[in-house]
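Read the structure below first, then the notes.
If you're wondering where the values come from, they're calculated on a predicted model, not measured in any experiment. Each chain gets a letter, A, B and so on, in the order its sequence line appears, and its residues count up from 1.
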2 protein chains.
Amino acid sequence: MELLSDAVKCGMISSMRTPYHPPIEDVTVEGILHAFSDPVRIEIYADLATAECAKNCSTFLTIQKRLLPKSTLSQHFRILREAGLIRSERKGVELINSTRCAELKERFGPMILAIIEAYAQQQKAV
Amino acid sequence: MELLSDAVKCGMISSMRTPYHPPIEDVTVEGILHAFSDPVRIEIYADLATAECAKNCSTFLTIQKRLLPKSTLSQHFRILREAGLIRSERKGVELINSTRCAELKERFGPMILAIIEAYAQQQKAV
DNA sequence: TTAATAGTTCCATAATTCCGAACTAATGAA
DNA sequence: TTCATTAGTTCGGAATTATGGAACTATTAA
């Protein structure tokens with residue numbers, strides 16, 4: 001029996017198997033800035049951007065000294081993903097996340113690096 | 001008779017005479033990105049950043065081909081101001097607005113320029 | 001004074017966000 | 001095969017934030 005809808009099959013929405021990632025040409029500056037306007041999300045992206053290797057979502061259940069409910073964390077990852085900032089790939093039972101930094105740099109030039117550096121600078125001062 | 005409250009006098013909140021502007025060291029990356037995450041606000045800032053001279057609020061009552069209620073526009077200006085992005089000074093009956101670009105560049109390096117350039121690039125393509 | 005203009009504040013409605021509970025998907029063990 | 005476990009998503013109500021019309025305030029000019 002076929003379980004996936006047509007919309008899923010043609011990639012308009014995500015299945016649980018593979019979440020939806022917008023093509024880079026659909027990614028907008030406002031969408032990126034909205035995603036980064038939340039302290040949890042910018043911290044997640046900054047961490048992924050400087051991490052040695054990709055990380056799963058649950059890595060971030062404690063972030064900035066507080067424990068997040070996993071439904072909330074799931075939403076944050078969805079927003080980062082739909083803003084075009086990260087890629088989430090299933091590996092067994094977990095999703096491993098990495099930034100789409102090459103594509104993003106190609107499309108938005110130095111913007112994202114400048115944001116993350118300003119953010120890192122600010123966090124250092126705290 | 002004294003009309004201004006203590007809170008106004010010590011600069012914690014704005015009077016109608018002079019709106020409140022946070023000191024540059026209280027300005028945050030997240031606050032700036034939140035302010036920019038709205039299409040109206042980033043457009044206002046981008047316009048002010050490239051304008052020959054400072055502009056009053058009502059200049060932006062029509063923006064991106066739609067007419068904004070002035071209460072909404074007033075909120076957008078307040079958010080830009082409280083994010084530390086713009087300065088609004090009373091000149092007679094109107095407020096004239098300009099960016100705080102020198103201070104911002106000093107504190108956040110190339111971030112804001114990179115954002116506005118990526119935004120301008122994107123708008124050109126539309 | 002009064003009128004006109006520029007912006008702000010108030011408040012009700014609309015839209016978003018948060019988070020606990022229930023759910024689904026993948027894996028490994030019995 | 002089940003069954004249990006783990007990782008993450010979805011649902012739905014509560015809390016927060018945004019929108020915009022109406023009333024208001026401040027400034028200037030007549």
Side-chain angles (χ1 to χ4, degrees), chain A residues 1-5 7-8 13-21 30-31 33-42 44 54-64 66-83 86-97, chain B residues 1-5 7-8 13-21 30-31 33-42 44 54-64 66-83 86-97:
Chain A
M1 180 187 162
E2 183 51 74
L3 292 171
L4 300 179
S5 73
V8 170
I13 61 171
S14 65
S15 70
M16 196 158 282
R17 211 172 265 276
T18 316
Y20 173 68
H21 298 89
E30 298 94 310
L33 300 183
H34 170 253
F36 280 160
S37 70
D38 182 279
V40 169
R41 290 193 297 258
I42 195 170
I44 290 171
K55 295 184 172 183
N56 70 2
C57 301
S58 303
T59 308
F60 299 95
L61 276 170
T62 52
I63 190 166
Q64 288 166 345
R66 75 192 193 100
L67 188 62
L68 281 187
K70 61 180 183 167
S71 59
T72 301
L73 190 61
S74 175
Q75 293 306 312
H76 284 315
F77 271 95
R78 188 176 55 76
I79 288 166
L80 286 167
R81 209 154 45 220
E82 293 182 355
I86 66 170
R87 189 178 302 286
S88 306
E89 287 172 299
R90 187 162 288 276
K91 188 176 183 183
V93 73
E94 52 190 36
L95 288 183
I96 58 163
N97 300 284
Chain B
M1 178 189 164
E2 184 49 74
L3 291 171
L4 300 179
S5 72
V8 170
I13 60 172
S14 64
S15 69
M16 197 159 281
R17 210 172 265 278
T18 317
Y20 174 69
H21 298 89
E30 297 94 309
L33 300 183
H34 170 253
F36 280 161
S37 70
D38 182 279
V40 169
R41 290 192 297 260
I42 194 170
I44 290 172
K55 295 185 172 183
N56 71 2
C57 301
S58 302
T59 308
F60 300 95
L61 277 170
T62 53
I63 190 166
Q64 288 166 347
R66 75 194 194 99
L67 188 62
L68 280 187
K70 61 181 183 167
S71 59
T72 303
L73 190 61
S74 176
Q75 293 306 312
H76 284 315
F77 271 94
R78 188 176 56 75
I79 288 166
L80 287 167
R81 210 154 45 220
E82 294 182 354
I86 66 169
R87 188 177 303 284
S88 306
E89 287 172 298
R90 186 162 289 275
K91 188 177 183 184
V93 73
E94 51 191 35
L95 288 182
I96 58 162
N97 300 284

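Note on the helix from C:dT1-D:dA30 to C:dA30-D:dT1: angle between the axes of the first and last five pairs equals 10°, rounded to 10 degrees.
Checking the phosphate oxygens (OP1, OP2) of D:dT17, no side-chain nitrogen or oxygen of A:His34 falls inside 4.0 Å.
Within a heavy-atom distance below 4.0 Å of DNA chain C, the residues of residues 67-77 of chain B found are B:Lys70, B:Ser71, B:Ser74, B:Gln75.
Atom CG of A:Leu95 is separated from atom C1' of D:dT6 by 12 Å (rounded to the nearest Å). Taking atom NZ of residue A:Lys91 and atom C1' of nucleotide C:dA25, one finds them 18 Å apart after rounding to whole Å. Regarding B:Leu61, its CG atom lies at a distance of 14 Å from the P atom of C:dT5, rounded to whole Å. Atom CZ in B:Phe60 sits about 11 Å away from atom P in C:dG7, given to the nearest Å. C:dA6 atom P lies 12 Å from atom CZ of B:Arg90, rounded to whole Å. C:dA15 atom P lies 15 Å from atom CG of B:Asp38, rounded to whole Å. Rounding to whole angstrom units, CG of residue A:Asn56 and P of D:dT9 are separated by 11 Å. For A:Ile79 and D:dT10, the CD1 to P distance is 13 Å, given to the nearest whole Å.
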Between side-chain atoms of residues 68-77 of chain A and protein atoms elsewhere (two or more places apart, or another chain), which donor-acceptor pairs fall under 3.5 Å?
from, atom 1, to, atom 2, distance (Å)
A:Gln75, OE1, A:Arg78, NE, 3.2
A:Gln75, OE1, A:Arg78, NH2, 2.6
A:His76, ND1, A:Arg41, NH1, 3.2

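The residue B:Arg81 sits close only to the backbone: its heavy atoms come under 4.0 Å of sugar-phosphate atoms, none of a base.
With D:dG8, C:dA6, D:dT6 as the choices, the nucleotide that has an atom nearest any side-chain atom of A:Val93 turns out to be D:dT6.
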